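The analysis underlying the following values was restricted to heavy atoms, covering all of them including side chains, and did not include hydrogens, waters or symmetry mates. For clarity, every value in this text was computed on a predicted model and none was experimentally measured.
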Amino acid sequence: VLELLAEEAAAIDAEEHEAAQCALRKCLENFSKPHQELLLAPYSGEGRVKVIAEESGKSANALYKLLGRLREKLSDCVHGNLKTQTA
């Protein structure tokens, strides 16, 4: 019984993970290319946000604030998409 429950839980986790990945990809497409680049910058290597700041002539602090707002919008979009998928 425990083995069956574990297998079922793993399958549900995989399905939830796939749904979240799909929602994330879909929501990222709603952002402009520069905003997509900024959202992905912290995962693209150390110091990438600072490089973008230097290239754009903005302060790193300003970009981190923008990044926070973009992440909030992205999170809202992903959660909204997940709710509509389960409804």
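Closest of all the heavy-atom pairs between Ala53 and Ser59 is CB-C, 3.9 Å. Taking both residues in full, the closest heavy atoms of Cys27 and Val78 are given as SG-N, 3.4 Å, listed atom of the first, atom of the second, then distance. Summarising the geometry of Arg48 relative to Ser44, their closest heavy-atom pair is CG-CB, 4.3 Å, with the distance given to 0.1 Å. Taking every heavy atom of both residues into account, Gln36 and Leu28 meet most closely at NE2-O, 2.9 Å. Contact between Leu38 and Leu63 at its shortest, heavy atoms only, is CD2-O, 3.9 Å.
Note that SG of Cys77 and CD of Glu72 are 13.0 Å apart. Values are rounded to the nearest 0.5 Å. Asp76 contributes atom CG, which lies 11.0 Å from atom CG of Asn81 (distance to the nearest 0.5 angstrom).
Within a 6.0 Å radius of CD in Glu46, no more than 12 heavy atoms belonging to other residues, nucleotides or ligands are found. Heavy-atom neighbours of Glu3 CD from other residues, nucleotides or ligands within 6.0 Å: at or below the threshold of 12.
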**Study point:** Test side-chain contact (heavy atoms from CB on, under 4.5 Å) applied to Phe31 and Lys73, step by step
**Key:** CA-CA 10 Å; Phe31 290 88; Lys73 288 181 181 180; 4.0 Å; yes
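Checked by atom type and distance alone, the side chain of Ser75 never pairs as donor or acceptor with a backbone atom of Arg71 at under 3.5 Å. Checking side-chain atoms of His17 against main-chain N and O of Asp13 turns up no donor-acceptor pair under 3.5 Å.
The closest side-chain heavy-atom distance from Leu66 to His35 is below 4.5 Å. Using a 4.5 Å cut-off on side-chain heavy atoms (C-beta onward), Leu70 and Leu74 make no contact.
There is a path of hydrophobic side-chain contacts, each under 4.5 Å, that joins Leu39 to Tyr64.
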